[in-house]
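Both backbone and side-chain heavy atoms feed into the values below; hydrogens, waters and symmetry mates do not. Atoms within each ligand, like the ligands themselves, are counted from 1 in listed order.
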Amino acid sequence: MQIVQTKDYAEMSRRAALCLASEVAKNPHCVLMLPTGSTPEGTYQALGTLYREGFVSFQNAVTFNIDEYVGLSADDPHSYHAYMQEKLFSCIDILPHNTFIPDGNALDLQKEAEAYEQKIASVGGIDVLLLAIGGNGHIGFNEPSEAFSRQTGVVSLSEDTIRANARFFQNENDVPKRALCVGVGTMMQAKKIIFLCSGRRKKKAFAAMLNGPVTPHLPGSILQMHPDVCIFHTNFEED
Ligand code: PGA
């Protein structure tokens, strides 16, 4: 595990973007798995800059998103489809047919989850997983529980997560209660993990993730078991 403390959020984002872009430059057919939320926004912005400066092209890259809310269509402004379009895909040269996000509006969610796993397997698995953590230790929407999830499936959001994500919606009641989410088992098969962590409300989960026991009660702790994790974090002074 490589741990890099940066002076602030902007530096964390630039360093992480450079690390990810270097992987894509080395392997243009790189398969990426990507998060949403506030934490990676700066990294996505920095990736846009690196693309515009000619450092990297995503023309042959493939992306899979970690999760999507159940019940939101791709054109809903709160969906992660919309988030990815706005924050990253519109800023780089990735080809739309190489981007995959679970369909949270699928009639048969279980079938959609299985098809998503098969699609990941069909391209040879994930090369680089970009990941953040929730204040409760979740990764993606894999919430604290009695066992680590293995594969993509339908998950229920915890009260903590609903409360934390209410800031993206009109009010808490509008936050979907379920999501389709890639399993911890699938995440752990990524060849490399680039992990981002910033903000006061993450400090405790981050310390527990690094130094506490590996437990599904803090899903991020599983990263202790991965052979190639590169962590970029701030000093947690910012909000
Ligand atoms: P945030 O959430 O980046 O919006 O803080 C990350 C997460 O909950 O996984």
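Ring centroid separation for the pair F232 and F195 does not come in under the 6.0 Å cut-off. Ring centers of F58 and F89: at least 6.0 Å apart, outside the cut-off. Annotation: F168 is not in aromatic contact with Y83 [ring centroid separation under 6.0 Å not met].
In the vicinity of S38, heavy-atom distances shorter than 4.0 Å reach the ligand 1 atoms 1 (P), 3 (O), 4 (O). Near G134, meaning under 4.0 Å from one of its heavy atoms, ligand 1 places the atoms 7 (C), 8 (O), 9 (O). Interface of K202 with ligand 1, defined as ligand atoms under 4.0 Å from a residue heavy atom, comprises 1 (P), 2 (O), 3 (O), 5 (O), 6 (C).
Defined by atom type and a distance below 3.5 Å, a donor-acceptor pair is present between the side-chain atoms of H138 and T161. Side-chain atoms of S13 and Q45 include no donor-acceptor pair closer than 3.5 Å. Q5 and T234 share no donor-acceptor pair across their side chains, judged by distance under 3.5 Å alone.
The proximity of R167 to ligand 1, defined as any non-hydrogen pair under 4.0 Å, is limited to the side chain.
Looking from atom 9 (O) of ligand 1 to the surrounding protein, the closest heavy atom is H138 NE2, 3.3 Å. Residue, atom and distance of the protein heavy atom nearest to atom 3 (O) of ligand 1 are T39 OG1, 2.5 Å.
When the heavy atoms of N136, I139, N165, I133 are ranked by distance to atom 6 (C) of ligand 1, first place goes to I133.
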